[in-house]
Trainee: 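Got a structure for you, written out below as structure tokens; questions coming shortly.
Proteins come first, then strands; the chains are lettered A, B, ... in the order of their sequence lines, and each starts at number 1. Computation of the quantities below employed the complete heavy-atom set of this structure, encompassing side-chain atoms and omitting hydrogens, waters and symmetry-equivalent molecules.
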Amino acid sequence: MLVSFRLNGELVERQVVANQTLLDLLRDDFAMLSVKKGCDEGQCGACTVLVDGKTMCACLLLAVQMQGTAITTLEGLDKSGDLSVIQQAFLDKYGFQCGFCTPGMILATKALLDRNPDPTTEIIKEALEGNLCRCTGYQQIIESVSRAAEIMRAESGARARA
Amino acid sequence: MTIEVRPLPPFDYVAPGSLAEAVNLLTEHGASAKLLAGGTDLLLRMKKRKSNPGILIDLNRIGDLSFVAMRDNALHIGAGTRLAVLYDSTVIRDKAAALADAIHVMSSPGIRNRATIGGNLCNASRCADTPAPLFALDACVKLLGAEGERNVPIASFFTAPGNGRGKTVLRADEVMTEIIIPLQAGNSTFLKLGRRKGSSTSIISAAAFAVMANGRFKQVRIAVSAFGSTPIRSKKVEMALTDAPVDEKTIKQASALIKDEIKPITDYRASAAYRTDMAAVLIERAVTRLAAGRS
Amino acid sequence: MDRSRKYLDDIRELLAGDDYTIVGKNVQRVDGLEKVTGRARYTADLLIENALVVRPVWSRCPHALIKEIDKSAALRVAGVECVITSADIRGENQCGYYIDDQPFLATDKVRHAGDIVALVVARDEAAAWAGADAVVVAYEQLPAVFEPKAALQGDFGIHGQKSPGDVKIRKGDVDKAFAECDVIVERSYQVGSQDHAYIEPEAALAIPEGLHDVTVISTNQNPFRTRSVVARVLGRPQSEVKIITPYLGGGFGGKDTYGPVISTIAAVATEHTGRPAYVIFTRHESFAYRYKRCAFEIRYKSGATKDGKLKAIDVDYTCDCGGYATHVFGLMKRAAYHGTGVYDVPNCRITGVAVYTNNVPVAAFNGFGNPQMGFAIESQIDLLAEKLGMDPLEFRLNNALVPGSRTGTGQVLDHSVGIKELLEKVSERAEWPAKRQRKPTGQTGEKKRGIGIGCSWHGCGTTGLKHDWAGASVILNRDGSVNYCTGIVEIGQGTITSHAMMVAETLGIPYEWVKVDGNDTSRMPDSGETHAQRGTFIGGTAAVDAALKLRERLNALAADILGRRGNENEIVIHDGIVARRDDPGRKITFKDLVTAMYENGLSPAEYGFIKARRGYPDPDTGQGIPYAAYTFGCTIAEVEVDVGTGEIEVLNLYPGVAAGKIIQPEVVRGQVNGCGMLGVGYALTERVTLEKGNMVNGSFGDYMIPTIMDIPKLEPYVSVEDEYKYSAFGAKGVGEIALISTPLAIANAVYDATGVRFYSLPLNAEKVYFGLREALA
């Protein structure tokens, strides 16, 4: 079956079989290795991708179902060569340790901040509830998200004034 | 022993563009077909080899399965509506509070963005969280098959519990199309007991609906689920509360009656004794919350 | 190597100013950019095309004889290359961690669910899974046992002996001391297992090189130990085996114990086929079959005099090590060496016994016996304090170790003993006295709040069963850049960044000039394992050992060049500029100085190699020096107990560490928070539920680790920088300490909240609900 979709902004097309998950397609065919296989059961969030801007677990999506969608992985956030605001915030505020959950966390953050530019701590927690982390105790992740939100608000405020 | 999880086995796949086409495909393939909506339950069961369909019929290309509409004095929810849409819906929050409460403590954002309310009901997992609110709200579901449409009251929809997938009245050629909740005066709520604050399968859950006037309960519906059987309405608790005064003692005594009405299972998640006691606690807290005006 | 070198003093002498330039500040981690861009590569990201797939054939029986392994059907599956059993092992079929009790592939019997009976190697995943399903193993079931007591009483014949070993501490005269005590408390405690549940599953890729060499890329915490096990099983010399360890997606000790096993699976497949081969565990396999925290049963008796002084302890405990001893010796002994808690106890009798059962074997896990023993210790302390009518904080302060104290193993701690100051500071931060007083005698309502303290200590360095050495390599390049190599694994804890910082500080150059090369056993001498809080403490000291040797050489050459021959101490290097202390105008660049080294035939490279300053406690009395230094920890926890459901919510955690010099403050905050949450999970929601030796809750949906919704208010940590003289920059380890004290504090807080004490962990809601009802009935 032929499936075509946008991957990090670029239109792509592949022959897939029905039982191929989006997770396996992204890793095996597109070398989007930031999308991690943590459990393959939709319970850890390490395979989180954005599909039309919404977080989903790639391990529970069939590749063939992605026809016509726009998919974003972490690789798509710094295509310009510069770190996105969220990535810089995670870097500066130590929002990672082993880094395995980090791609999912950053994408969940993007989905959140694209909707809600000024989230409370409670809202941040709800948005990241499906992303498990075993290393950080989550605190510095929350601080990274808040920091990203702050920068994004400042930047959009500056643009508005310009 | 935990069931092993392995890569998906091969299967055929088709994505019909209409409900009629979907029903035809179901009729054609019979038991070897499974409907694919969100996939968050089905695909996982297939990885565990608990479900082995020869063909998946993908409902996601059918446009008219996702909606939230008010008409004919009822709330109509398309069976293919994503839980995330219901999570954000002010209509659901206003008119079906118990359902909104349940969706707010179900699963996680990534799963909710994909999972559908119809899928949650049709899988009939004994830990599912949407049934109890619908019981308390006296909902019904619309099924479409080769022989046409039929409405089934939610209380008759589930026939037997399963470990994972339970049994429902859904026939091999049928698709659930809608959930219909009557608009009604009164308030409702839902509480679950998980095993941590973050997303967790329910070990018991309860939903309550009540109309109160002049310090008394006028109409009460109490539903309990996730304890091992199909969800139930608690006749004993409902009878004890109907026309009874809205006070702490009454609520406590009435809630305790659930202990005679359910026989929960013991499994590695919780014991029967704990589930039984917690059923009473959840009912008491749910009804108390309604009595306090959901503050 | 000079074991008495005071690295702390030596570095201080070199400094340009009063303060460190890099160490103690927050820098951008060396792995940061890779991780936030998703370019960081973990083992499963490094697979190569046409590599074969390996699938284990697991025993699901906990105890059985293997009558026959029938490969025939498996070999007929299209795509299956071979099926490997113990008969095919060319070297020694042995992978025991401390003793040789563990065949790599099962021979005549299986001893736990998860014992590996065969390896199926195939062209692709589907063929490998089908092949593994097609292997037919004929078992004769044997009676199985899952409780240490029953195992000791019965005759199950798991191995030739019921126990692989024991540990004893004998100090002073315990019976005489008890006779003199005014209060004595004796209780039994049980602490359960715990799964590491790191997000990255185990994986290994093996690649053949040349005629006989094998390179293995794997999720391990001990590249050199892994190399020795792989070499042994293959029957090749260690020089022909190379282990490459990329970033790990979490370890916590699980990839320490299991690292050699997963690596050998891939290596054996490669050796048999002559082709690259990889194995990746599913999450289910990682839960169901991989080794876990050891469950303890402890009987703890302790006594004190009415002036609030601890006098004696008498402790017996069993460690359920499952089907093989694996890591049990280390954790059993560590628990004994720390068995007094952070207190001066003059008379000690501690006996620990490891017991074989048919449960899944044990792995290292942050704390390594100390959380388990600590639960008993810190509960006992509160019980004694209560009997004496003393505030639990006062009682602890009254007995805390101080410089000059002798531990339970008779070790004199002459410096770097910050526990007392830590207790004072943490309790002040947590407002202990005020919160203790505000608690009324009986809280009404269904939610009850309480506050509790837990103290911990953790000796830095591998527990004394093998020597504890570490190597590192530093090479100066003529452009001023530096290549640094260590065998310490980057698991997320940020240790390689600390090493780069310490090397840069020692050399006097910007941190960015130090490049940490990949972890590759062919590039530097054995750095030892990444465990036991030794990555910075010992691994980092090896780094500084190398850097100091180079620095001495650089200083001497610079003194020569800048006209101060023979006065090496007069040279300062700061930010890459080499200058005379007395005349800073006389200077050259670091790059030019390094070039001069080359031109003068002075080696620009050094290996560091150090050995930990400790010995081997006596096997009969446990007296001796098991660890060079101890990190201390203290946590105060505030909880709220829902009496109606038994659910416990941790409201606040106030942690503190006395870990010497803190190299990276924000990274350590992450460690403290992360370990704190591991402790919260261990205390409350994580239950490894085994039925007949098989894990029934082996998924993230059923093994409840804390989500982001489950965190309390995590206060910034108190830090007492009680520097250790003999380690680089006076740093001790800090990677485990905060896990240990957290569950202990929570348990004490639950007692404070409810008036009911629980003697087993975890405190899951059902246990608490029924426990409260029973106690208050």
Side-chain angles (χ1 to χ4, degrees), chain A residues 1 3 16-25 28 35 37-69 104-105 107-112 115-116 122-133 138, chain B residues 2-15 17 34 36-50 52-61 82-85 87-88 103-116 119 164 194 196-201:
Chain A
M1 296 174 289
V3 64
V16 299
V17 291
N19 63 337
Q20 201 168 359
T21 62
L22 176 63
L23 174 58
D24 286 336
L25 181 76
D28 299 340
V35 191
K37 186 177 287 193
C39 71
D40 214 20
E41 299 180 50
Q43 290 167 348
C44 72
C47 69
T48 300
V49 295
L50 299 183
V51 180
D52 297 327
K54 300 190 181 71
T55 53
M56 291 188 194
C57 289
C59 67
L60 291 180
L61 295 171
L62 299 177
V64 66
Q65 292 182 296
M66 297 297 100
Q67 175 63 36
T69 61
M105 288 289 181
L107 290 175
T109 302
K110 176 164 168 55
L112 168 67
R115 258 166 69 116
N116 183 344
E122 208 43 50
I123 301 241
I124 293 173
K125 287 183 182 183
E126 283 172 8
L128 270 46
E129 188 177 352
N131 294 85
L132 297 179
C133 173
Y138 303 102
Chain B
T2 320
I3 314 267
E4 290 177 2
V5 173
R6 29 175 90 199
L8 285 170
F11 51 86
D12 290 330
Y13 170 91
V14 62
K34 282 271 183 292
L36 174 64
T40 55
D41 273 324
L42 176 62
L43 294 179
L44 183 54
R45 282 209 324 276
M46 288 169 68
K47 290 185 187 185
K48 293 179 178 180
R49 303 298 186 268
K50 284 163 85 173
N52 296 291
I55 180 165
L56 288 192
I57 301 170
D58 191 338
L59 295 173
N60 289 288
R61 299 267 149 214
R82 310 280 179 201
L83 296 182
V85 170
Y87 187 106
D88 286 337
I103 289 169
H104 267 80
V105 292
M106 270 176 83
S107 198
S108 62
I111 298 294
R112 289 193 299 262
N113 279 332
R114 196 69 192 158
T116 64
R196 66 184 168 197
K197 209 166 164 191
S199 81
S200 164
T201 352

Trainee: Non-hydrogen atoms of chain A under 4.5 Å away: do they reach the side chain of Leu56(B), the backbone, both or neither?
Mentor: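 It is the side chain, since no backbone atom gets that close.
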
Trainee: Got Pro109(B) and Glu129(A) here, is their nearest side-chain heavy-atom distance under 4.5 Å?
Mentor: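 They are in side-chain contact.
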
Trainee: Side chain, backbone, both or neither: which part of Asp41(B) has a non-hydrogen atom closer than 4.5 Å to chain A?
Mentor: neither

Trainee: Rounded to the nearest 0.5 Å, how far does CD of Gln43(A) lie from OG1 of Thr40(B)?
Mentor: 10.5 Å

Trainee: Quick check for you: among Gln67(A), Met1(A), Lys125(A), which has the greatest number of heavy-atom pairs under 4.5 Å with chain B?
Mentor: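 The option with the most such pairs is Gln67(A).
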
Trainee: Heavy atoms only, distances under 4.5 angstrom: which of Leu42(B), Asn60(B), Asp12(B), Asp88(B) has the most pairs with chain A? Name it, please.
Mentor: Asp88(B)

Trainee: For side chain to side chain contact (heavy atoms under 4.5 Å, CB included), just list the numbers for Cys59(A) and Lys47(B), CA-CA rounded to whole Å, side-chain angles, deciding distance to a tenth of an Å, and then say yes or no.
Mentor: CA-CA 11 Å; Cys59(A) 67; Lys47(B) 290 185 187 185; 4.0 Å; yes

Trainee: Is Asn19(A) reaching over with its side chain to a backbone N or O of Leu8(B), donor-acceptor style, under 3.5 angstrom?
Mentor: yes

Trainee: Report the option among Gly39(B), Gly198(B), Ala15(B), Pro9(B) that has the most heavy-atom pairs separated by less than 4.5 Å from atoms of chain A.
Mentor: Pro9(B)

Trainee: Please report the C-alpha distance between Leu61(A) and Leu43(B) in whole Å, then the side-chain angles of each, then the deciding distance to 0.1 Å, and finally whether the side chain to side chain contact (heavy atoms under 4.5 Å, CB included) criterion is met.
Mentor: CA-CA 8 Å; Leu61(A) 295 171; Leu43(B) 294 179; over 6 Å; no

Trainee: Just wondering, are more than 12 heavy atoms of other shown residues or ligands nearer than 6.0 Å to CZ in Arg49(B)?
Mentor: yes

Trainee: When rounded to the nearest 0.5 angstrom, what is the spacing between CG in Leu128(A) and OG in Ser108(B)?
Mentor: 10.5 Å

Trainee: How far apart are the C-alpha atoms of Lys54(A) and Arg82(B), what are their side-chain angles, what is the distance that settles it, and do they pass the side chain to side chain contact (heavy atoms under 4.5 Å, CB included) test?
Mentor: CA-CA 12 Å; Lys54(A) 300 190 181 71; Arg82(B) 310 280 179 201; over 6 Å; no

Trainee: Given that the side chain runs from C-beta out, which part of Ile111(B) has a heavy atom under 4.5 Å from chain A: side chain, backbone, both or neither?
Mentor: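 The side chain, not the backbone.
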
Trainee: Only pairs of heavy atoms separated by less than 4.5 Å count here; which of Thr48(A), Thr21(A), Val17(A), Leu62(A) has the most with chain B?
Mentor: Leu62(A)

Trainee: Which region of Asn113(B), side chain (C-beta onward) or backbone (N, CA, C, O), has a non-hydrogen atom less than 4.5 Å from a non-hydrogen atom of chain A, or is it both or neither?
Mentor: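 The answer is both parts of Asn113(B).
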
Trainee: Give, for atom CZ of Arg114(B) and atom SG of Cys57(A), the distance between the pair rounded to the nearest 0.5 Å.
Mentor: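 So the gap between those two atoms works out to 11.5 Å.
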
Trainee: Find the distance between CD (Gln20(A)) and OH (Tyr13(B)) and round it off to the nearest 0.5 Å.
Mentor: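 That separation rounds to 13.0 Å.
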
